[in-house]
Amino acid sequence: MTGIVEVVDPGPLTTVQDLGRPGHGGWGVSPSGAADRGALRLANRLVGNDETAAALEATMGGLRVRADVDLQVALTGARAPARIDDRPVDHLTALRLARGATLELGSPAAGLRTYLGVRGGIDAEPVLGSRSTDVLAGLGPAALVAGHRLAVGRPTGRLPVLDLAPWPDPPGGEVTLRVRLGPRDDWFTAAARTELGTRSWTVTSQSNRVGLRLDGPPLARARTGELPTEGMVRGGLQVPPTGLPTLFLADHPVTGGYPVIAVVLDADLDATGQLRPGQQVRFRPL
């Protein structure tokens with residue numbers, strides 16, 4: 001340990017996240033990990049960490065933290081207005097958080113999740129090889145509360161020569177996600193499969209790290225009955241009897257009994273982690 005980050009205010013929801021714990025689905029453990037993996041990797045690169053180091057994932061900003069030693073930090077993901085004490089600071093660059101100073105995030109104008117990388121990484125106790133908080137299974141560190149004191153690990157790499165990263169902000173308008181139909185698209189009518197790829201869907205306020213609940217035209221089934229429970233993956237579009245799909249995110253359940261009509265491509269999954277309630281989504285079958 002090289003220092004402590006004290007949580008003054010966690011905002012609506014802040015968790016510790018790394019790249020998760022893949023490979024344990026066979027005995028009921030979801031991969032979990034950062035909802036926007038690219039933003040987490042970038043935050044770590046900006047402060048000279050390995051990309052797998054743990055950082056803080058703040059949902060809708062509001063996070064305030066104080067350092068007890070001088071730290072190098074970086075903000076990525078959703079661009080929230082940020083200040084260190086009374087001084088506005090930039091996104092996508094390495095920052096100095098001096099001993100006793102407070103870093104504060106406002107609410108992002110677009111996107112949902114901002115990542116705070118700390119040189120040395122957040123040194124929480126790993127569970128099954130990961131420091132990620134899984135809000136569904138209750139694995140990893142608990143969601144942060146005011147007064148939480150987080151240990152900072154020892155740096156292992158050099159600071160990068162370039163300290164500013166050009167990186168697009170999450171879009172605030174309609175987002176198109178590429179999907180592959182299946183494995184149960186044959187449980188739906190041809191009209192439902194067409195609607196999936198031609199209509200827009202609205203992200204509802206019942207969404208979280210487990211999944212995005214979507215509102216739109218209900219998808220009609222061609223078959224009745226229920227499936228035996230089968231494995232679920234991140235990106236799966238599961239359709240319950242309401243006909244309104246749920247898009248599974250990082251903390252998804254590992255099994256389910258409702259049919260999955262399509263799966264979002266892995267390359268588009270980081271974008272799903274930045275979708276906020278009220279935002280429109282389209283699916284483009286390949």
Side-chain angles (χ1 to χ4, degrees), residues 4-17 34-47 54-68 70-119 122 133 135 141-150 152 163-175 203-205 207-209 212 249-250 270-280:
I4 292 289
V5 172
E6 179 182 358
V7 179
V8 180
D9 187 338
L13 175 67
T14 298
T15 59
V16 177
Q17 298 295 338
D36 183 344
R37 300 161 299 182
L40 173 86
R41 290 188 175 104
L42 179 60
N44 279 322
R45 290 201 300 272
L46 282 167
V47 293
L56 300 186
E57 179 185 274
T59 302
M60 284 302 290
L63 173 67
R64 280 197 296 153
V65 296
R66 183 185 299 124
D68 78 337
D70 290 354
L71 294 174
Q72 290 284 330
V73 300
L75 297 166
T76 61
R79 184 183 295 269
R83 305 178 72 86
I84 292 180
D85 291 339
D86 293 327
R87 178 173 56 92
V89 294
D90 288 334
H91 201 67
L92 302 176
T93 187
L95 304 167
R96 179 174 179 268
L97 182 61
R99 177 183 179 183
T102 299
L103 170 66
E104 179 176 3
L105 300 183
S107 298
L112 187 63
R113 296 180 170 97
T114 303
Y115 292 84
L116 172 62
V118 180
R119 180 163 170 76
I122 300 298
T133 301
V135 299
L144 302 186
V145 298
H148 209 137
R149 291 171 60 82
L150 302 166
V152 177
D163 60 357
L164 179 64
W167 196 267
D169 290 343
E174 184 176 275
V175 172
V203 178
T204 75
S205 59
S207 302
N208 53 27
R209 281 182 47 85
L212 298 176
L249 299 186
D270 285 353
T272 67
Q274 295 291 0
L275 293 170
R276 51 201 292 173
Q279 203 161 355
Q280 301 291 304

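- A 4.5 Å side-chain heavy-atom check between R276 and M60 finds at least one atom pair inside the cut-off.
- For A34, the side chain to side chain contact (heavy atoms under 4.5 Å, CB included) test picks out Q17, L40, E57, Y115, with sequence neighbours left out.
- Using modelled atom types, one side-chain atom of T76 and one backbone atom of A39 make a donor-acceptor pair closer than 3.5 Å.
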**OP:** Check step by step if side chain to side chain contact (heavy atoms under 4.5 Å, CB included) holds for L56 and L150.
**Re:** CA-CA 10 Å; L56 300 186; L150 302 166; 3.8 Å; yes
Only pairs under 3.5 Å count here: list side-chain donor-acceptor contacts from residues 88-112, not counting sequence neighbours, and write none if there are none.
from, atom 1, to, atom 2, distance (Å)
H91, NE2, G77, O, 3.0
T93, OG1, D163, O, 2.7
R96, NH2, D70, OD2, 2.9

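- Between V47 and V118, the closest side-chain pair of non-hydrogen atoms is not below 4.5 Å.
- A donor-acceptor pair is defined here as one N or O able to donate and one able to accept, closer than 3.5 Å; such a pair exists between the side chain of R113 and the backbone of G273.
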Original post:
Are T14 and V7 close enough, and set up right, to give a side chain to side chain contact (heavy atoms under 4.5 Å, CB included), and what steps lead you there?
Top reply: CA-CA 10 Å; T14 298; V7 179; over 6 Å; no
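- With hydrogens and angles ignored, the 3.5 Å screen pairs a side-chain donor or acceptor of Q279 with a backbone N or O of G173.
- The shortest side-chain heavy-atom distance between W167 and L42 falls under the 4.5 Å cut-off.
- Partners of D169 under the salt bridge (Lys or Arg N to Asp or Glu O under 4.0 Å) rule, at least two apart in sequence or in another chain, are R79.
- How far CZ of R149 is from CD1 of I4: 5.0 Å, rounded to the nearest 0.5 Å.
- Interatomic distance, T133 OG1 to L144 CG, rounded to the nearest 0.5 Å: 7.0 Å.
- Under the 3.5 Å distance criterion, the side-chain polar atoms of D270 are matched with a main-chain donor or acceptor of R37.
- For the pair V152 and V5, the tightest heavy-atom approach, listed with the atom from each and the gap, is CG2-CG2, 3.7 Å.
- Summarising the geometry, atom CG belonging to L13 is positioned 8.0 Å from atom CZ belonging to R209; distances are rounded to the nearest 0.5 Å.
- L116 is listed as a side-chain neighbour of L63, based on a closest heavy-atom distance under 4.5 Å.
- T114 places a side-chain N or O within 3.5 Å of a backbone atom of A78 that can act as its donor or acceptor partner.
- Residues P10 and A146 approach most closely at CD-N, 3.8 Å, considering heavy atoms.
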